[in-house]
Amino acid sequence: YDLLENQETAELSMSSALDCLFPAMRRGGRLLIHGNAGDYAFAYNEFTDISLDGNTGYAVGLGIRSGVIHVYGNAGDY
């Protein structure tokens, strides 16, 4: 994904939960998401700092190589 380039910050608002949200992002940067994410959100990411202000399904961050995922809500079957 080319959403984040050169350590940028991107902020998104989600109206509904999506499965496999932003998989395999391999560029550094910060991603701020408001709303809910579905299953397998942010899987296989590298170098990314992700903050989710909402709930997520199961397997969030599956196979993450580096970076941070903050979930300010519930994770799992919500």
His34 vs Glu11 side-chain heavy atoms within contact, under 4.5 Å | yes
With side chain to side chain contact (heavy atoms under 4.5 Å, CB included) as the test, would you mind laying out the steps for Leu31 and Leu12 before giving the verdict?
-> CA-CA 8 Å; Leu31 184 59; Leu12 305 167; 4.0 Å; yes
In residues 39-46, what donor-acceptor pairs under 3.5 Å come from side-chain atoms, sequence neighbours left out?
unit_1: Asp39; atom_1: OD1; unit_2: Tyr58; atom_2: N; d: 3.1
unit_1: Asn45; atom_1: OD1; unit_2: Met25; atom_2: N; d: 3.0
unit_1: Asn45; atom_1: ND2; unit_2: Phe22; atom_2: O; d: 3.2
unit_1: Asn45; atom_1: ND2; unit_2: Phe42; atom_2: O; d: 2.6
unit_1: Glu46; atom_1: OE2; unit_2: Arg26; atom_2: NE; d: 3.1

Answer whether the closest heavy-atom distance between the side chains of Ile64 and Ile69 falls below 4.5 Å.
-> yes
Check whether any side-chain heavy atom of Leu32 sits under 4.5 Å from a side-chain heavy atom of Thr9, and report yes or no.
-> yes
Paired with Tyr72, the side chain to side chain contact (heavy atoms under 4.5 Å, CB included) test is passed by just one of Asp53, Asn55, Leu52, namely Asp53
Between CD1 on residue Ile50 and CD1 on residue Ile33, distance to nearest 0.5 Å | 6.5 Å
